[in-house]
Amino acid sequence: MSKRALVLIDIQNDYFPGGKWTLDGMETAADNAAKLIEAARAKGDLVVHVHHEFASADAPFFAPGSEGAAIHSKVQPKQGELTVLKHKVNAFQDTNLKELLDENGIEEVVMAGAMSHMCIDGAARAASDFGFAVNVVHDACATRDLDFQGKTIPAGEVHAAYMSALGFAYAKTPSTEEFLKDES
């Protein structure tokens with residue numbers, strides 16, 4: 001059995017065009033995540049789908065049970081694939097994600113999803129702290145513009161800054177093409 005897991009984080013409808021919290025580049029990120037899923041399934045790697053719901057129905061996005069909180073059709077879990085529901089930024093916090101990875105003998109995680117500056121960052125750092133080897137496939141992740149003290153930081157710069165920080169000490173940050181090439 002493979003010691004690698006593909007962990008897909010928050011690739012949910014509200015992040016796509018027409019959703020309640022649209023991200024820059026989400027369509028491309030999901031297309032790349034779908035390629036990673038196909039490769040992981042072909043190799044027999046564990047595939048884990050993490051999805052977020054806020055506790056309240058009046059949440060700005062990912063309201064419990066809403067269509068916006070549903071996992072997007074491009075990356076739907078197959079029967080038997082694991083799903084983890086989270087209510088916080090870090091996919092490991094107050095979930096059974098670590099236990100699922102440990103039970104399956106996982107030593108390396110490959111991450112894709114959203115948002116680069118929040119849930120991807122939080123989960124990648126936690127996974128590294130737990131001792132997993134971490135790959136964050138940078139072009140299979142998406143984010144949005146941020147504001148700080150009246151200045152708008154474009155999504156591309158936000159994404160680059162977070163990938164750079166993760167790549168410094170927490171994870172490898174290959175593109176989908178680089179990651180899949182190394183696997184062949």
Side-chain angles (χ1 to χ4, degrees), residues 1-13 15-17 23-52 70-86 90-92 95-128 130-143 155-156 159-160 162-168 170-184:
M1 181 176 186
S2 172
K3 294 183 182 287
R4 175 186 290 160
L6 173 61
V7 180
L8 304 150
I9 299 177
D10 301 350
I11 305 177
Q12 295 167 251
N13 292 331
Y15 281 159
F16 286 80
L23 302 184
D24 186 63
M26 193 63 209
E27 293 278 1
T28 299
D31 290 341
N32 286 330
K35 293 174 187 174
L36 296 172
I37 292 170
E38 182 180 347
R41 287 173 177 160
K43 284 191 70 175
D45 291 347
L46 183 70
V47 177
V48 182
H49 302 264
V50 177
H51 57 110
H52 192 137
I71 295 172
H72 195 270
S73 59
K74 290 184 179 190
V75 295
Q76 280 293 303
K78 279 191 172 180
Q79 184 159 352
E81 288 180 342
L82 301 173
T83 59
V84 173
L85 175 63
K86 70 181 179 77
N90 178 350
F92 289 92
T95 72
N96 64 339
L97 178 57
K98 180 159 185 326
E99 289 78 13
L100 291 172
L101 297 175
D102 289 345
E103 287 168 5
N104 285 279
I106 300 302
E107 296 176 1
E108 178 185 0
V109 295
V110 178
M111 293 186 176
M115 292 185 290
S116 305
H117 71 279
M118 292 296 293
C119 300
I120 295 297
D121 181 65
R125 290 172 188 256
S128 178
F130 282 131
F132 296 104
V134 181
N135 281 281
V136 175
V137 181
H138 74 83
D139 60 356
C141 297
T143 194
H159 180 76
Y162 274 82
M163 293 300 113
S164 176
L166 288 173
F168 182 76
Y170 288 98
K172 293 178 182 173
T173 56
S175 67
T176 302
E177 182 180 335
E178 290 166 338
F179 181 81
L180 294 175
K181 181 182 172 194
D182 287 346
E183 294 306 295
S184 56

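Each residue takes its place number in the sequence, starting with 1.
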Worksheet entry | Partners meeting ring pair (Phe, Tyr, Trp, His ring centres under 6.0 Å) with His117 (sequence neighbours left out) |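 For His117, no residue satisfies ring pair (Phe, Tyr, Trp, His ring centres under 6.0 Å) once neighbours in sequence are set aside.
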Discussion item. For Phe132, give me all partners under ring pair (Phe, Tyr, Trp, His ring centres under 6.0 Å), at least two apart in sequence or on another chain.
Written reply: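 In terms of ring pair (Phe, Tyr, Trp, His ring centres under 6.0 Å), with neighbours along the sequence ignored, Phe132 is linked to no residue.
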Look up atom [atom1] in [X] and atom [atom2] in [Y], then write down how far apart they are to the nearest 0.5 Å.
X	Y	atom1	atom2	value
Leu82	Asn104	CG	CG	6.5 Å
Glu177	Lys181	CD	NZ	7.5 Å
Met26	Met115	CE	CE	10.5 Å

Tell me, do [X] and [Y] make a side-chain contact under 4.5 Å, heavy atoms counted?
X	Y	value
His72	Tyr15	no
Lys86	Asp10	yes
Ile11	Lys74	no
Lys43	Arg4	yes
Leu85	His51	yes
Leu36	Phe179	yes

Suppose we screen for side-chain contact (heavy atoms from CB on, under 4.5 Å). Which residues come up paired with [X], at least two apart in sequence or across chains?
X	value
Glu107	Lys3
Lys98	Phe92, Asp102, Phe130
Ser164	none

Heavy-atom closest pair, residues [X] and [Y]:
X	Y	value
Ala123	Asn90	CA-OD1, 4.0 Å
Asn13	Ser73	OD1-N, 4.5 Å
Pro77	Thr83	CG-CG2, 3.9 Å

Worksheet item: Just checking, any donor-acceptor pair under 3.5 angstrom between side chains of His138 and Thr173?
Response: no
Worksheet entry | Gln12 side chain to His52 side chain, donor-acceptor N/O pair below 3.5 angstrom |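 There is no such pair (donor and acceptor under 3.5 Å, judged by atom type) between the side chains of Gln12 and His52.
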Discussion item. If the test is side-chain contact (heavy atoms from CB on, under 4.5 Å), which one of Leu6, Leu8, Val47 qualifies with Glu81?
Written reply: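 Among Leu6, Leu8, Val47, the one that satisfies the side-chain contact (heavy atoms from CB on, under 4.5 Å) with Glu81 is Val47.
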Worksheet item: Counting distance only, does the side-chain N/O of Asp139 pair as donor-acceptor with the main-chain N or O of Ser175 below 3.5 Å?
Response: no
Worksheet entry | Side-chain donor or acceptor of Glu27 paired with backbone N/O of Phe16 under 3.5 Å | no
Fill in: Worked verdict on Lys35 versus Asp31 for salt bridge (charged side-chain N to carboxylate O under 4.0 Å, His left out)
CA-CA 7 Å; Lys35 293 174 187 174; Asp31 290 341; over 6 Å; no
Item to complete: For the pair Leu46 and Leu101, evaluate side chain to side chain contact (heavy atoms under 4.5 Å, CB included) and give the outcome as yes or no after the intermediate values.
Response: CA-CA 9 Å; Leu46 183 70; Leu101 297 175; 4.2 Å; yes
Worksheet item: Who passes side-chain hydrogen bond (donor to acceptor under 3.5 Å, both in side chains) against Asn32, sequence neighbours left out?
Response: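 Asn32: no side-chain hydrogen bond (donor to acceptor under 3.5 Å, both in side chains) contacts found.
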